Structures are given as C-alpha cells and as structure tokens.
Amino acid sequence: MYRSHTCGELRLSHVGTQVTLAGWVQRNRKLGGMTFVDLRDRYGITQLAFDEAVNKELNDQAQKLGREFVVQVVGVVAERSSKNNKIPTGDIEIVVEKLTVLNASEVPPFTIEDETDGGDDIRMKYRYLDLRRNVVRKNLELRNQLSFEVRNYLIKNGFIETETPVLINSTPEGARDFIVPSRMNPGEFYALPQSPQLFKQLLMVSGFDRYFQIVKCFRDEDLRADRQPEFTQIDCEMSFVEQEYVLNMFEELVKQVFRNIKGIDFKEPFLRMPYAEAMEFYGSDKPDIRFGMKFVDITKEAQIRDFAVFNSAQYVAGICAEGCASYSRKELDGLTDFVKRPQIGAKGLVYVKCEQGGTFKSSVDKFYSQEDLKSWAEKMNAKEGDLLLILSGDKVATQKQLCELRLEMGERLGLRDKNVFAPLWVVDFPLLEWDEESGRFKAMHHPFTAPKPEDVQFIETAPEKVRANAYDMVLNGVELGGGSVRIHNGEMQQKMFACLGLSQEEAQSKFGYLLNAFKYGAPPHAGLAFGLDRFVALLAGLDSIRDCIAFPKNNSGRDVMINAPSIVDKEQLEELNIAIKLETK
Ligand code: ASP
C-alpha cells in the first residue's frame, strides 16, 4: 500500500496513529536540528517533521529532498507546537520514521505554488507541472462538478447522451472548418464538426426525443480570451416542444447548477429581452445587466443647434455615469482616448457634467445653452453629480462604441463584480443578417433555425424583417449558450437555403441527407448548446477559458507543450496525395 491517507486528510483526531503518506515535496526547510518538509498531493499539504536528535541519518536523508521529489513516508501523527491555521491539516504533523524516495525530480522551471514565478509561456510548456498547482487544478475540479450536475439534470429529465462522429462534413456555424485528409479517399477531406447540429436533428428524426452530449467542437477562428480552436459544448435537442418549453427546461438546468455549485438560488424567472431591445439599450446581443447605465437616444434633443457633428449624425445617444461629474480633465481625456482606440473607432466623446446647483459644464458649451443641456440631463434621468457621456454617428456603429464605453465605465465604477451573476435570455433574433463581404444575407444563428411563423410572409420580399425563434442565454455580458426552434420541413428548409443564396443543386449536394430525412416524418424540434468552458470560467470568475482547460492552445492556436501543429513526414503527405506549396521552416 503506497498510502493509508491523503495529504489533506489528517486532523487532531488522528494524533497517535501510524500513517503512510505519499506525495510531492513542495518545500523543505531546516530549523536548527529539525527538518520540515511540506508534502503535497491533490488533496492538500501535510507537514513532515524530522529531528536530528532522534534519528540523524533520517534527518540527513530528509535534507537532501529536492522540490517535487516523489516520496513515501511512514510515521506517527503528532500535534504541532506552532499551528498553521491557513491549511486544514495545520494542527498536526507527521513524525517520520521511514522515508522512501519513490522518484527524484529535477528542479522544476517554476515554483509550484498558487502565486508562481512562472510566466504564461513556460507554464504552458510544462502544463503538467502547472496542473499540480492548486489554483489551476481547482478549475478543473469545478469543471468536473459542472459536467456532473449537467449530466445528472439532463439524464433525470430523460435526455439520452449520444455520441456523434468527429470526421464529418462541414456544419455551417459561421466559422472556418478544420479539415482532415482522407487516405482511403484520395483528394477528399473530412471536416471536423463546428457542432453536432445536423446529427442531433437527425436523431430527432430517429425518434430519440431528447438528446444531449458533452462534446468537443472545432472552429478555425482567430482566438480571443473566450475562444479556443477546440472547445466543449453541452449540446441538447428535444422533439415536440416549443420555444417556451425549451427555455424553461434549460433555465432550470442553469438554476440547478448555481444552486448546487455556488449556493445561489435564482428565485425569479430569468429576464427575457428581445434582441431589438438589447441592441437599443445596450448596443449588444449579450448585455451585461449587472448594472444599468442604459443608452438614451437624444438625437432629437441634440439636433437643435449649429453643431455639425451632431446634426450630421444618424444617431446621438449617451449614458449617465452616476457620481462622475467630479471627473478631472485627465480622466475625461482618458475616456476620449479609450473610445478613439482603433478597435472601438469613435471620432470623439462629448461630456456633460451635471454640477451642484443645477448648472452644466460640457465639452459643447459653445453650441448649447444651459437649458439645452438640462433637457438632455432630464431625458437621461441624471442627477446633480452625474456625468453624461455622449457619442454620435451611424446608428449601428455608435451603438457598438457606446456599448464598449458602458462596459468600461461599469468596470471603472466596480459594477461588474465577478461574484454577482445576472443571467437573461435574449430572444427574437433576426433570422438573417446582411454580410457586407459576400454581399448577401447569411443566417444569424445557423441555416436550420426556424423563422417566426408570423414573419414567414416576408421571407422573400423583406428578409431583413424576419425574426427567428432563436434564443441566447447571456450571463454577465457573455453568451453562455444559444439555440433555436428548427425548421423541420423540407420545403421551408429549401426556402431558407435559397434565401442564403444556395441553389437547389448546392443545397442538395451539401445537405441532401437532411432534406431527405425531412421527407420521412421529421418531428417539430428545438434545442440549444451551452459553452462548457465559458460556463466554468464564469463560475470560477476567470478572465480566460484557457484556465479551465487541462491542455489549452495559445493565441496562435499552438500547443507549445507537444508542439502542435507540426510538419509531417514527406511519406505521410505522399500517402495522402498532398503537396505543400509553402516553404516550411
Ligand atoms: N449548434 C448551435 C451552436 O453551436 C447550437 C444550437 O443551435 O443548438 O451554436
């Protein structure tokens, strides 16, 4: 037996017991004639004590233990004279009688402690060591807990976990595919699934009724903090349900997760906000509603004087930052610089300070009277001491800029507390969105999403007006998941493909199997998928989903530990009938 207990288990009640422990040496310190070693495993840290006066040889052996040596000790649990109340085992130590080195270790490239001295790159290169750190492992334990809660809930509700293939054809979720060459079919390629979308719909045609899968998906996109080329979805689908039923089913799932994992009970139903409202008041389809500061449109009130910037704008709107009238010149300049950053793209920022005594001071005092500014302040519900921040220009672009400014102000004012959770559903998305690049409409969610029955009439004449039975769950400004009621009728699906500029032949060649399946009794169905990584990251208060993935990729899509991607042998390429055009390094 390698061990009788773990390194996190022993307490005062064990004093006097002989135990065997095994683990890694976290720290080794000499104190007079004594040597103290912190022994670590997944469960905690236990102090080992060696006394020169009792056993010189054993003490010498202990002093030679380096960091990360794997050791086994036999000893007796004793009460510690100087207790450490920072760790659960801090009242005891092991008076060691026998020490065995199970494996030596080289000096690790960074300290394996919560506050490590290792930078990102080195930790990723030695991720297996990084994963020994408590803070990282805790995220993966939380991930496991979340998967467990999800499976538990879904299986109780009759969902069947079903695996779907990974070597498939393109599933259009709006990203680029990763492709895999087929040796047995020269010149042909598989695509890795961007999601199991079509398979889960086919399972509904098969009568599975309720499907789920915790599944890897692959999207070749530029990476950001909340994106990885391979990520995990909680993918679900149901038959014979309407939107309302789906929302309730998965709202309850999220509530259960919060109840069981965070001890948070959401008593009220989640807010349901139409997409149009989210855009109008937050400039985003994933509004962070932990705080207000909603947009107020003052186009009419602003276009009354000789101020060309506002007069030429399609849209003038602002937010009211409570208590910020005291902002200094420097702070205001800082905000102007913020909105002018290339990635935000505003041309400038107009401010109005609502000062004590009902007067106003603004960057446009030259053009507007006190009365004018007062009318804006009133419309924006501002009080004395508040600061109005106003942007103008093309409506859609300005909404996006104002959204960034609102989030920035929320951050500065401490209104985006990671321990506060504000979920909502965003509903009634448009079915289609105009794509400048290709000069045609593309599906806002994906091409299998059903239009609202009352809007179908516009699908050929005014496609931009058609709303979809699509929904997203949004949490703290992050899209946690999304889905839709699906088209389950071949004719409607063809119409949708036509709308997206796909000819009948193209549709048949790409999605013939789905159109065929719809000929054999497809039930009405609907579903959604949650991003598991994002969910964990939100629960853990992490800034990046990387921190809750055991072996993530870096921002260039590389796994620096295993050095992937990498070049392959010439023979391998030949077998695949592939020639590389680029000079490889
Ligand atoms: N397949 C969709 C996605 O990956 C989710 C869904 O519609 O169920 O976003």
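This structure is a prediction, so every number in the text was calculated from the model and none was measured. For ligands, and for the atoms within them, numbers begin at 1 and follow the listed sequence.
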Legend entry - Those protein residues which place at least one heavy atom below 4.0 Å from ligand 1: E173, S195, Q197, K200, R219, Q233, H445, H446, G482, G483, R486, G527, L528, A529
Legend entry - R210 side chain to N157 backbone, donor-acceptor under 3.5 Å: yes
Inset, instruction - Not counting sequence neighbours, list each pair that qualifies as a ring pair (Phe, Tyr, Trp, His ring centres under 6.0 Å) and has a residue in residues 501-549. - result: F448-F511, F497-F511
Inset, instruction - Check whether any side-chain N or O of K200 sits under 3.5 Å from a backbone N or O of C236 as a donor-acceptor pair, and report yes or no. - result: yes
Inset, instruction - Using distance alone, with no hydrogens and no angle criterion, decide if N469 and R486 have a side-chain donor and acceptor under 3.5 Å apart. - result: no
Legend entry - Salt-bridge contact D435-R440 (side-chain N to carboxylate O under 4.0 Å): no
Legend entry - E230 bridged to K553 by N-O distance under 4.0 Å: yes
